[in-house]
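Letters A, B, ... are given to chains in the order of the sequence lines, protein chains preceding strands, and every chain is numbered from 1. Note that the structure is a prediction, hence the values are computed from the model and not measured.
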There are 2 protein chains.
Amino acid sequence: MATIKEVSQLAKVSVATVSRVLNGRVPVTEAKRESVLAAVAQLGYQPNVFARSLATNRSGGIGVIVNELSSPYYSGVIQGIESVVEAQGMHLLVSSGHAGRHLEAQAVEFLRQRRPDALIVQLEATSDADLIAWSGHGLPTVVLGRYIDALADRCIHLDNLKGGYLATRHLIDRGHRCIAHIAGKPALKDARDRLAGYRRALHDAGISYDEALVVEGDFMEEGGQAGMQRLLARDLGFTSVFAANDQSAAGALLAIRAHGLRVPDDISLIGYDDVLLARYLFPALTTVRQPFVEMGQAAAMLALSALSAGDSKEVRRQFDPVLIERTSVAALQS
Amino acid sequence: MATIKEVSQLAKVSVATVSRVLNGRVPVTEAKRESVLAAVAQLGYQPNVFARSLATNRSGGIGVIVNELSSPYYSGVIQGIESVVEAQGMHLLVSSGHAGRHLEAQAVEFLRQRRPDALIVQLEATSDADLIAWSGHGLPTVVLGRYIDALADRCIHLDNLKGGYLATRHLIDRGHRCIAHIAGKPALKDARDRLAGYRRALHDAGISYDEALVVEGDFMEEGGQAGMQRLLARDLGFTSVFAANDQSAAGALLAIRAHGLRVPDDISLIGYDDVLLARYLFPALTTVRQPFVEMGQAAAMLALSALSAGDSKEVRRQFDPVLIERTSVAALQS
DNA sequence: TTGTAGGCGTTATCAG
DNA sequence: CTGATAACGCCTACAA
């Protein structure tokens with residue numbers, strides 16, 4: 001691998017000059033510039049990133065931590081991040097947190113050691129306080145999927161309350177009055193917000209909130225299925241269900257079917273997220289979309305803007321959920 | 001950020017000694033070792049990876065390129081890779097190739113500049129020849145999802161012919177004799193192999209191959225749907241279909257349903273891959289599983305073994321497809 | 001077993 | 001505008 005020194009010799013200039021033409025900024029005589037470029041081409045020279053990083057104290061890397069690399073939620077986000085990070089000539093260092101508080105801290109530590117120029121984290125088990133502490137520690141950090149007051153300008157998130165409202169409202173608009181809810185883990189803000197949206201929509205429509213109609217799920221198929229079973233067992237006569245995410249909805253669908261009921265004929269079902277499988281469920285799931293890829297892009301732009309003070313903060317931080325109508329919700333004949 | 005020199009001063013030893021206790025191998029007096037460790041702890045010292053890389057010419061990173069980061073196929077693979085790479089204290093540099101020949105080459109170049117210690121590539125558009133050329137270029141490269149003779153010991157792949165055989169055979173075992181096939185893009189070896197497996201199973205069962213029963217798909221929902229429509233239009237009386245991957249199967253399912261037929265009552269359907277959505281389809285899709293995560297792990301182990309000559313080559317390179325029975329295939333009453 | 005010192009490839013400072 | 005040269009932080013002969 002050729003070094004800058006070899007280039008400088010071949011081009012008959014100093015290494016400083018080579019560095020200059022390669023890194024732009026400073027003016028260099030046209031003749032020398034060309035001679036350098038020629039030498040670079042001839043040698044196939046590529047700067048050694050380690051040496052450069054050592055000298056500049058910049059790695060050119062953006063660290064990313066998500067709960068689960070293989071989850072349909074986060075992979076969309078990563079894709080969004082990658083597209084903008086790479087377009088800037090920077091690269092991605094990824095690591096997963098596996099939704100464990102300890103593991104998440106470990107992942108952060110792990111990436112921090114690699115000295116990325118910025119960090120983008122989508123953490124589940126970590127507390128707001130820890131997040132605040134970490135991001136104060138020198139490394140520009142953007143928080144994905146969570147809103148923290150103290151870090152307001154570094155948070156990319158979606159208004160889950162609005163999303164919950166949207167979903168519930170859609171059901172109400174279709175004539176439903178008795179609406180059940182399969183919530184997510186109450187420890188998660190997302191889950192609580194969606195529930196809050198559900199309650200508000202109910203309230204706004206003059207429907208009183210009935211605790212018996214909401215069960216706790218876990219954002220996974222099993223929880224959705226179990227929750228639905230409990231709901232069904234209570235025999236409350238609900239005509240529709242809002243599941244806190246698509247995966248719970250898929251589980252709920254199974255339970256409904258096992259109970260001998262049909263969607264949407266007997267029970268209408270609405271999910272949340274709009275991951276790939278929502279389209280494939282039968283009936284295709286009406287749901288509330290989270291723009292994962294766009295949020296990933298925004299996160300990356302925010303991270304990048306923290307580096308080059310140039311980019312002003314015109315990055316969108318708050319995203320809106322949008323209703324995607326498919327066929328799992330039926331209008332109730334009144 | 002503390003440097004090794006500061007540690008050495010605090011511990012009252014030379015930097016060399018600090019380096020030694022931190023990097024193992026060489027013997028160091030217990031007293032000094034402890035004093036160094038204490039100093040490290042006190043200062044919260046963390047070696048500067050750039051300086052280290054510059055000196056050792058090793059980055060500690062493994063580069064990974066897949067077609068699409070957000071695809072359910074590749075994200076499983078990445079997860080597998082990550083788990084073993086990180087367990088070795090190394091990190092992951094990811095980039096996507098977006099299935100374009102030019103883009104793939106670009107991604108490789110991009111990662112190569114970051115000087116990972118090894119590369120794991122899952123490429124679609126790139127030719128075998130290019131792959132061979134690249135991997136000869138100094139950087140240990142493992143090829144995922146493709147078998148290339150010249151790179152035999154660096155390829156992790158699944159026997160797709162066997163998989164195609166398995167799927168078709170399952171249908172035959174259930175009494176089906178007239179079996180259609182929605183193939184993948186013929187440009188892809190995976191697709192051709194699955195088709196070959198289909199043909200061989202037919203042949204072994206004494207069923208003659210009928211060209212009219214196979215249509216070209218594209219490994220995506222649209223292709224599966226369109227292909228199924230064409231098949232249905234030909235009115236050939238087939239009782240079952242083998243789709244080259246789950247996504248095509250999902251599309252086919254839509255078309256079958258739109259045609260007023262039911263799965264598996266009227267037509268049995270089998271997919272390939274066993275991605276998440278297979279379980280959620282209705283009816284749940286019988287399919288052939290590719291162990292993505294395990295393959296990713298194997299790829300990582302192979303990459304790692306190329307670095308530390310220690311690990312012998314006991315890494316599994318060839319994986320077997322396994323049939324996952326769900327409910328989209330019915331036995332044919334004869 | 002330990003310390004000294006040179007080198008890894010760049011960038012950046014500072015004279016010319 | 002250009003060229004020396006000193007960092008950058010660590011590893012590793014080599015010598016002691």
Find the distance A:E6:CD to C:dC8:P and express it as a whole number of Å.
-> 11 Å
Euclidean distance, B:E34 CD relative to B:L37 CG, rounded to 0.5 Å = 8.0 Å
Grab the two heavy atoms, one from B:P291 and one from B:F319, that are nearest each other, plus how far apart they are.
-> CG-CD2, 3.8 Å
Can you measure from CZ (A:R112) to CZ (A:F110) and round to the nearest 0.5 angstrom?
-> 14.0 Å
Residues touching DNA chain C, which here means a heavy atom under 4.0 Å, drawn from residues 42-58 of chain B = B:L54, B:A55
Could you tell me the separation between the NZ atom of B:K12 and the P atom of C:dT2, rounded to a whole number of Å?
-> 16 Å
Give the C-alpha distance, both sets of side-chain angles, the deciding distance and a yes or no for side-chain hydrogen bond (donor to acceptor under 3.5 Å, both in side chains) between B:Q318 and B:H157.
-> CA-CA 5 Å; B:Q318 162 126 339; B:H157 76 121; 2.7 Å; yes
Rounded interatomic separation in angstrom, taking CD from B:Q113 and C1' from C:dT10 | 15 Å
Distance check: side-chain N/O of A:K5 vs OP1/OP2 of D:dG3, anything under 4.0 Å?
-> no
Quick one: is B:T17 getting a side-chain N or O under 4.0 Å of the C:dT1 phosphate, OP1 or OP2?
-> no
Contact class for A:V26 vs. all strands (heavy atom < 4.0 Å): base, sugar-phosphate, or nothing?
-> nothing
Counting any heavy atom closer than 4.0 Å, what does B:S19 reach on the DNA or RNA strands: base, sugar-phosphate only, or nothing?
-> base
Whole Å only: how far is the CD1 atom of A:I4 from the P atom of D:dT5?
-> 16 Å
Would you mind reading off the distance between B:R115 atom CZ and C:dG9 atom P, rounded to a whole angstrom?
-> 9 Å
Side-chain contact check for B:T29: nearest option of C:dT10, D:dT2, C:dT2 is C:dT2
Which nucleotide, C:dA12, D:dT2, D:dA13, lies nearest any side-chain atom of B:R20?
-> D:dA13
Measure the spacing between OG of A:S8 and OH of A:Y45 and express it to the nearest 0.5 Å.
-> 10.0 Å
Enter the distance from B:S96:OG to A:I78:CD1 here, rounded to the nearest 0.5 Å.
-> 11.0 Å
Under 4.0 Å between a side-chain N or O of A:T3 and OP1 or OP2 of C:dG9?
-> no
Rounded to the nearest 0.5 angstrom, the CG-CZ distance for A:L131 and A:R146 is 5.5 Å
Length of the CD-P vector between A:E30 and D:dC1, whole Å = 11 Å
